[in-house]
Amino acid sequence: MKPLEILSALPPWSKASPDSIVDSPAFAMPCRLGDASAVLRRAAVEPAASDSLPLRVSFGDEPHVLRLGRSSAFPDLDAVWESRADVPAPLLLALVEKECGSLFQMLENAVRKQLRLVGQNPEGDLEPTNPEFLDFQVVPADGSAEADDARTIVFSLSRSASVVSALGVLRNIDHTHESVRGQMLPAETEYASFTIPEDDLSALAPGDAVLIPELESAQPKLVVDGRFTLDAAGVSPLSEDALAHVRAAAAGEISLGQVLDAAGGEEPKIESLKDDGSNPPLRIVRNGATIATGSLGRLGDQTAFFV
């Protein structure tokens, strides 16, 4: 399974609203800034209103306010930044269009609506009135830029349902972010699966022993959150079957980061059963229901599950 498939199957990600995705610290939308690959992230610090250039823009027919922060990524605009209030509005807007075209194109592609530069918004009281703002930064895709790096562009965009809907999709969540990787999931160790007639399974009683030779050769795996199986081959969706499964009686935990690492090819560490009598209590599960609990032992020269 790929990371997006794993997230899509897991609450809270599978049910995440566009607002919660855009507001997540893991929000990271791949984009292009001119010819360079970049990432649009939420900014840790919004550009100060006193040191930003407020612009009126529109996406289609929807008016917005864009507060552009100072950046040496726009050298000509940066050169007149301190005296921008003295620059005639037509000249300043022409300079913005010339220097910020790649940023505007990126936003147009992200929102999937044509962006138009309407003019300046010096008083901050033009439509839309009193908007809530989304603070963003655009950084190189290689992650090498710091917040004050010359290649970083910081801006604020007035929030709207259409903008949030366009940006707030699950593929824009950075699965390498610690807020994602740190999510803990229940995990059961499964040691083997085997076939057993229904009558024999339903007749199990305390003191019975079930011979399970599969326990001696099967590789253990993890059943994660009742949704995935995780083993040396990677991560797969959990499929229901008619087999009986031998699992540890108590569930543990695994981080989503470990699941994603296994999906990426990293072999997980899963404890195997031992021959020294130190194995944990076990249970036999079928169709998600516990049929019997017990422990591992030997019956003659064979491995058995003692109910």
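Crowding of Arg171 atom CZ: a count of heavy atoms from other residues, nucleotides or ligands under 6.0 Å not exceeding 12. Other residues, nucleotides and ligands place more than 12 heavy atoms under 6.0 Å from the CD atom of Glu5. At most 12 heavy atoms of other shown residues, nucleotides or ligands fall within 6.0 angstrom of atom CD in Gln114.
Using a 4.5 Å cut-off on side-chain heavy atoms (C-beta onward), Gln137 and Val154 make contact. For the pair Leu201 and Arg286, the minimum side-chain heavy-atom distance is below 4.5 Å. Residues Phe194 and Ile284 form a side-chain contact, since some pair of their non-hydrogen atoms from C-beta on lies under 4.5 Å apart. Residues Val57 and Glu108 fail the side-chain proximity criterion, which asks for heavy atoms closer than 4.5 Å. In this structure the side chain of Pro237 reaches within 4.5 angstrom of the side chain of Met1, judged on heavy atoms. Annotation: side chain of Pro268 is not in contact with side chain of Gln258 (no heavy-atom distance under 4.5 Å). Residues Asp174 and Val39 have side chains not in contact (no heavy-atom distance under 4.5 Å, counting atoms from C-beta outward). Between Leu55 and Val118, the closest side-chain pair of non-hydrogen atoms is not below 4.5 Å.
With rounding to the nearest 0.5 angstrom, the CD atom of Glu132 is 11.0 Å from the OG atom of Ser160. From Leu53, atom CG reaches atom CZ of Arg67 across 11.5 Å, with rounding to the nearest 0.5 Å. Between the CZ atom in Phe74 and the CG atom in Leu95 there is a gap of 10.5 Å [rounded to 0.5 Å]. Rounded to the nearest 0.5 angstrom, Leu115 CG and Glu62 CD are separated by 11.5 Å. One finds the CD1 atom of Ile173 at 11.0 Å from the OG atom of Ser8 (value rounded to the nearest 0.5 Å). Atoms OG and CH2, on Ser71 and Trp81 in that order, are 9.0 Å from each other to the nearest 0.5 Å.
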Report the C-alpha separation of Val180 and Leu256 in whole Å, then their side-chain angles, then the decisive distance to 0.1 Å, and conclude whether the side chain to side chain contact (heavy atoms under 4.5 Å, CB included) test is met. CA-CA 7 Å; Val180 177; Leu256 179 50; 3.7 Å; yes

Is there a salt bridge (charged side-chain N to carboxylate O under 4.0 Å, His left out) between Arg42 and Asp135 once you walk through the steps? CA-CA 6 Å; Arg42 294 301 300 272; Asp135 304 314; 5.1 Å; no

Evaluation steps, side chain to side chain contact (heavy atoms under 4.5 Å, CB included), between Val285 and Val223: CA-CA 12 Å; Val285 179; Val223 177; over 6 Å; no

When you look at Val259 and Asp225, which way does the side chain to side chain contact (heavy atoms under 4.5 Å, CB included) test go after all the steps? CA-CA 11 Å; Val259 175; Asp225 201 40; over 6 Å; no

Please lay out, stage by stage, how Val169 and Ile21 fare under the test side chain to side chain contact (heavy atoms under 4.5 Å, CB included). CA-CA 7 Å; Val169 292; Ile21 290 175; 5.6 Å; no

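Residues Val164 and Val22 share a closest heavy-atom pair of O-CG2, 3.9 Å. The two residues Glu267 and Ala232 make their nearest non-hydrogen contact at OE2-CB, 4.0 Å. Summarising the geometry of Leu66 relative to Phe104, their closest heavy-atom pair is CD2-CE2, 3.6 Å, with the distance given to 0.1 Å. Residues Ala166 and Ala110 come closest through the heavy atom pair CB-O, 3.7 Å. When all heavy atoms of Phe133 and Ser158 are compared, the closest pair comes out as CD2-N, 3.5 Å. When all heavy atoms are compared, the tightest approach of Asn172 to Leu167 is ND2-O, 2.8 Å.
Of the possible donor and acceptor atoms, none in the side chain of Ser236 sits under 3.5 Å from a partner among the backbone N and O of Thr229. At distances below 3.5 Å, at least one donor-acceptor pair connects side-chain atoms of Ser202 with backbone N or O atoms of Glu198. Checking side-chain atoms of Glu99 against main-chain N and O of Asp76 turns up a donor-acceptor pair under 3.5 Å. Distance alone, capped at 3.5 Å, is enough to place a donor-acceptor pair between the Asp208 side chain and the Ala205 backbone.
For Phe59, the ring-ring contact (aromatic ring centres under 6.0 Å, His included) partners are His64, not counting sequence neighbours.
A side-chain donor from one of Arg32 and Ser37 sits under 3.5 Å from a side-chain acceptor of the other.
The residues Arg298 and Glu216 are annotated as salt-bridged, a charged nitrogen and a carboxylate oxygen being separated by less than 4.0 angstrom.
Hydrophobic clustering (ILVMFWY, side-chain heavy atoms < 4.5 Å, transitive): Leu93 and Val80 are in one cluster. The hydrophobic clustering, which links ILVMFWY residues whose side-chain heavy atoms are closer than 4.5 Å, places Val235 and Leu4 together. By the rule that hydrophobic residues join a cluster once side-chain heavy atoms approach within less than 4.5 Å of another member, Leu243 and Phe305 end up as members of separate clusters. Both Phe27 and Leu170 are part of a single hydrophobic cluster, where members link through side-chain heavy atoms under 4.5 Å apart. Following chains of ILVMFWY side-chain contacts shorter than 4.5 Å, one cannot reach Phe306 starting from Val246, and the two form parts of different hydrophobic clusters.
Tested against Tyr191, the residues Ile212, Leu296, Leu215 include a single side-chain contact (heavy atoms from CB on, under 4.5 Å) partner, Leu215.
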